[in-house]
Amino acid sequence: MKIRPLADRVVIKKLEAEEKTKGGIILTGSAKEQPQEAEVMEVGPGGVVDGKEIKMEVKKGDKVLYSKYAGTEVKLEGEEYTILRQSDILAIVE
Amino acid sequence: MKIRPLADRVVIKKLEAEEKTKGGIILTGSAKEQPQEAEVMEVGPGGVVDGKEIKMEVKKGDKVLYSKYAGTEVKLEGEEYTILRQSDILAIVE
Amino acid sequence: MKIRPLADRVVIKKLEAEEKTKGGIILTGSAKEQPQEAEVMEVGPGGVVDGKEIKMEVKKGDKVLYSKYAGTEVKLEGEEYTILRQSDILAIVE
Amino acid sequence: MKIRPLADRVVIKKLEAEEKTKGGIILTGSAKEQPQEAEVMEVGPGGVVDGKEIKMEVKKGDKVLYSKYAGTEVKLEGEEYTILRQSDILAIVE
Amino acid sequence: MKIRPLADRVVIKKLEAEEKTKGGIILTGSAKEQPQEAEVMEVGPGGVVDGKEIKMEVKKGDKVLYSKYAGTEVKLEGEEYTILRQSDILAIVE
Amino acid sequence: MKIRPLADRVVIKKLEAEEKTKGGIILTGSAKEQPQEAEVMEVGPGGVVDGKEIKMEVKKGDKVLYSKYAGTEVKLEGEEYTILRQSDILAIVE
Amino acid sequence: MKIRPLADRVVIKKLEAEEKTKGGIILTGSAKEQPQEAEVMEVGPGGVVDGKEIKMEVKKGDKVLYSKYAGTEVKLEGEEYTILRQSDILAIVE
């Protein structure tokens, strides 16, 4: 079973706290927008979204920072994922 | 009798809880947006909608995740359906 | 006497409850948006509306589902009608 | 003295109650939007309005339905008029 | 000293009550939007404003109706003026 | 040290009350928008801003009227400046 | 480890108070928008963002003024950064 996101949506999996500590990243944020680190699991096809050409810049396996309040959480076969738009991804962590 | 959605609208039928369990998907979500699993029953023609060219990406029979608060519920010959815009569909479950 | 709607507007006449029952459709909806069944009486010319090319997809005699809160009610020679934009029509019932 | 409306604006004169009764039209409406019958007195030139090409569809002498809350009332030489945008006119009554 | 308005702005001078009476115009309006009569003193160059081509339709000396709440009042050498956008001018009075 | 504004932003310096009196301008305004007189100190390059081509119309040394609530105040080497968008400038005073 | 911002986003590092004093800049601002001085650490690729072509005007090492409430704070290897859109940067300080 697989979630295939539509348009400019991306399926991501939140990185666990221990992984975050290993990576040396501690995320702080204002109440307004708290970023989270996650791994990209599935990437939508992009294309014309809401009348605008969207090119997908993230790819499967990328570690990304995203706003905690963005997107929708789903649970698939025991694992939690978030489906969000690429524009809610702030940066790629390399 | 048949519901033919206009423009970029899609008619979907919510999947029952037992079907969801069979598929192994349990949906969780924030209060803001709770996704639901459904099957696509009818797909509008797309085309120019609100001044933008919309290509329909879902097709009859697709299993989809959509936001619980999107669209309008109708009851046709004893069955409940939801009419929503394709942009309210988050992903296709395969 | 005739009402000729402008632009992308459509004049519809709500179907009576008995007709609805005959057709087998019972409409339910959230408090946010309750759809209604109606018959299309007059269709505007479409064309460029608010800077966008609108093609009229409904025609006189179509049975349509529309949002209960859309449009404006008028009474003409004892009959009640609603004038609304085509984009407020959700689907055609066939 | 004459009021020459700018852009896509139209000057209309509300039809009196007795005229409405003669014409057989009784207008009812939700609290949100109550339509009124009026006669078109002056029509603006249309053209590019707010970046969009607007073609004037109503002409002097047309009987129109418009939203009661649209536009601005002015009194000229003892007569009351309303200046509103053509897009606030719902339909022409023929 | 002179005020040269930028873009699609216009400098107008409110007509005094006695002038209004002479002209036979008495303005009434809803609480939402009360129109005022004024004379155009200076007209901006128009051109591309907010990404849209604006052609100035009013000229110095025009008597215009405008919404009382539009624009900004300034006092120059003892006289009060209002700077507003051309789109806030409803009509020219001839 | 110099502040170089980006895009369509302009750095201005508020004119002191005594200068205003000398120039004969007294500014009055509604609570909604109180204009201020200032001198232009630095002008951004303009160009494509938010998807629209912006041509800078003000230049260093211009005396301008602007809305009191527009922009952001900064203090540089003991002097207070305001950084605002050109579209917040109402007029040039000559 | 490196943060690579997407689209028109920029990673900046707030300048410490002592650096600000050295540079002679003291920032004051309304409650609505308080600007901050920072150094640009990483710059996104720009390109088509939200349907508009964005050219990046700031570069690594630039000292910039930005709105205190813009963007999202992250902590990387003990250092705090802010990720924000280039359009939230007011000016470059030279």
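Just so it is clear: chains get the letters A, B, ... in the order the sequence lines come, proteins before strands, and each one is counted from 1.
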Lys2(B) and Val93(C), any side-chain heavy atoms less than 4.5 Å apart: no

Between side-chain atoms of residues 81-91 of chain B and protein atoms elsewhere (two or more places apart, or another chain), which donor-acceptor pairs fall under 3.5 Å?
{"unit_1": "Arg85(B)", "atom_1": "NH1", "unit_2": "Asp8(B)", "atom_2": "OD1", "d": "2.8"}
{"unit_1": "Gln86(B)", "atom_1": "OE1", "unit_2": "Glu57(B)", "atom_2": "N", "d": "2.5"}
{"unit_1": "Gln86(B)", "atom_1": "OE1", "unit_2": "Val58(B)", "atom_2": "N", "d": "3.3"}
{"unit_1": "Gln86(B)", "atom_1": "NE2", "unit_2": "Lys55(B)", "atom_2": "O", "d": "3.1"}

Any chance you could measure Glu42(B), atom CD, to Glu94(C), atom CD, to the nearest 0.5 Å? 9.0 Å

Rounded to the nearest 0.5 Å, what separates atom CZ in Arg4(B) from atom CG in Leu65(C)? 12.0 Å

Restricting to side chain to side chain donor-acceptor pair (under 3.5 Å), what partner residues turn up for Glu53(C), sequence neighbours left out? none

